[in-house]
Amino acid sequence: MLILENVISDRGSTYAVSGGTCSSAGAAKAFIKELKRNKKFAKATHNTWGLICADGKIKNDDGESGAGLIILQMLEREGLENHIVVVTRWYGGKHLGGARFRHVKNAFQLYMNALHTKT
């Protein structure tokens, strides 16, 4: 599991991005459960994620409407399968409007950069 914390801050909201190898819907649930063992992530406002695997295209917006779809689109663009990416947001009290989608994309790209650097 690769976790990048505090990658983006905007109007009080803070973002993190994490991910790792994942090959099924069940494995995705286990991944999120493991991530939330860290109390900081368990208390996050949103843990949105996407995964492309043999089970199909799976996403969870976790209350951040549309964010899971953006992650799926980014996974498709990268050709990344059997790998879950989770974008976490701690709400800072001010609505971000459309900027929140830009932040999801930017967090995903930061994760991809770190993943490519790691390998």
Side-chain angles (χ1 to χ4, degrees):
M1 181 180 297
L2 174 62
I3 299 173
L4 306 173
E5 294 190 47
N6 302 320
V7 294
I8 298 169
S9 293
D10 183 7
R11 291 171 265 177
S13 286
T14 305
Y15 287 81
V17 62
S18 54
T21 303
C22 186
S23 60
S24 68
K29 288 181 183 179
F31 186 95
I32 297 299
K33 184 177 180 180
E34 180 65 26
L35 181 66
K36 288 183 172 182
R37 288 185 71 200
N38 179 327
K39 290 181 184 178
K40 180 178 180 181
F41 286 88
K43 292 180 180 182
T45 312
H46 310 286
N47 283 294
T48 60
W49 58 271
L51 168 67
I52 301 172
C53 63
D55 293 342
K57 298 175 185 175
I58 308 165
K59 67 176 177 67
N60 187 324
D61 291 334
D62 193 28
E64 185 80 289
S65 183
L69 181 60
I70 289 172
I71 296 168
L72 279 179
Q73 291 169 343
M74 300 293 285
L75 286 167
E76 284 181 312
R77 186 174 299 146
E78 292 287 334
L80 191 59
E81 295 182 5
N82 296 316
H83 198 100
I84 189 171
V85 174
V86 183
V87 176
T88 302
R89 177 182 177 195
W90 291 269
Y91 180 65
K94 295 189 179 180
H95 293 285
L96 302 180
R100 71 186 199 274
F101 298 119
R102 186 175 67 250
H103 296 327
V104 170
K105 288 179 184 178
N106 290 340
F108 183 95
Q109 198 55 55
L110 289 167
Y111 178 81
M112 291 306 299
N113 292 345
L115 188 64
H116 291 308
T117 302
K118 184 179 173 188
T119 55

Give the C-alpha distance, both sets of side-chain angles, the deciding distance and a yes or no for side chain to side chain contact (heavy atoms under 4.5 Å, CB included) between Ile71 and Thr48.
CA-CA 8 Å; Ile71 296 168; Thr48 60; 3.7 Å; yes
When clusters are formed by joining ILVMFWY residues with side-chain heavy atoms under 4.5 Å apart, either directly or through shared neighbours, do [X] and [Y] land in the same one?
X: Leu69; Y: Met74; result: no
X: Val87; Y: Leu96; result: yes
X: Leu115; Y: Ile52; result: yes

For the atom pair SG (Cys22) and CG (Leu51), what is the distance rounded to the nearest 0.5 Å?
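One finds 4.5 Å between SG of Cys22 and CG of Leu51.
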Atom OG1 of Thr21 and atom CG of Leu2: how far apart are they, to the nearest 0.5 Å?
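Going from the OG1 atom of Thr21 to the CG atom of Leu2 covers 10.5 Å.
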Glu76: partners by side-chain hydrogen bond (donor to acceptor under 3.5 Å, both in side chains), with sequence neighbours left out:
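Expected list: Lys57.
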Partner residues of Thr88 under the side-chain hydrogen bond (donor to acceptor under 3.5 Å, both in side chains) criterion, sequence neighbours left out:
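Checked Thr88 against side-chain hydrogen bond (donor to acceptor under 3.5 Å, both in side chains); matches are Asn47.
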Could you note down all residue pairs passing ring-ring contact (aromatic ring centres under 6.0 Å, His included) where residues 58-86 supplies at least one of them, sequence neighbours left out?
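Of all non-adjacent pairs touching residues 58-86, those that pass ring-ring contact (aromatic ring centres under 6.0 Å, His included) are His83-Tyr111.
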ring-ring contact (aromatic ring centres under 6.0 Å, His included) contacts in which one or both residues fall within residues 16-61, not counting sequence neighbours:
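Output for this query lists Phe41-Trp90.
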Between Ala28 and Ile84, which heavy-atom pair has the shortest distance, and what is it?
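Result for this residue pair: CB-CD1, 3.9 Å.
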Val17 to Ala107 - nearest heavy-atom pair and separation:
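Heavy atoms only, the tightest pair is CG1-O, 3.5 Å.
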Applying salt bridge (charged side-chain N to carboxylate O under 4.0 Å, His left out), name anything that partners [X], two or more places apart in sequence or on another chain.
X: Lys36; value: none
X: Asp61; value: Lys59
X: Glu78; value: none
X: Arg77; value: none

Given Leu75 and Phe108, is the side chain to side chain contact (heavy atoms under 4.5 Å, CB included) satisfied, shown in steps?
CA-CA 9 Å; Leu75 286 167; Phe108 183 95; 3.9 Å; yes
Can you sort out the partners of Ser24 under side-chain contact (heavy atoms from CB on, under 4.5 Å), two or more places apart, ordered by chain and number?
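Ala27, Asp55.
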Quick one, Cys53 with Ile58, criterion side chain to side chain contact (heavy atoms under 4.5 Å, CB included). Give me CA distance, side-chain angles, the key distance, then yes/no.
CA-CA 8 Å; Cys53 63; Ile58 308 165; 3.8 Å; yes
Take Met112 and His116 through the side chain to side chain contact (heavy atoms under 4.5 Å, CB included) test and state the conclusion after the steps.
CA-CA 6 Å; Met112 291 306 299; His116 291 308; 3.5 Å; yes
Which residue in the set Asn60, Leu35, Asp62 passes side chain to side chain contact (heavy atoms under 4.5 Å, CB included) when paired with Val86?
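With Val86 as partner, Asn60, Leu35, Asp62 yield a single side chain to side chain contact (heavy atoms under 4.5 Å, CB included), made by Leu35.
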Pairs flagged by salt bridge (Lys or Arg N to Asp or Glu O under 4.0 Å) wherever residues 17-35 is involved - sequence neighbours left out:
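Applying salt bridge (Lys or Arg N to Asp or Glu O under 4.0 Å) to every pair that reaches into residues 17-35, excluding sequence neighbours, yields Glu34-Arg37.
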Distance-only donor-acceptor pairs under 3.5 Å for side chains of residues 5-15, two or more places apart:
from, atom 1, to, atom 2, distance (Å)
Glu5, OE1, Lys40, NZ, 2.7
Asp10, OD2, His103, NE2, 2.7
Ser13, OG, Arg89, NE, 3.2
Ser13, OG, Arg89, NH2, 3.1
Ser13, OG, Gly92, N, 3.1

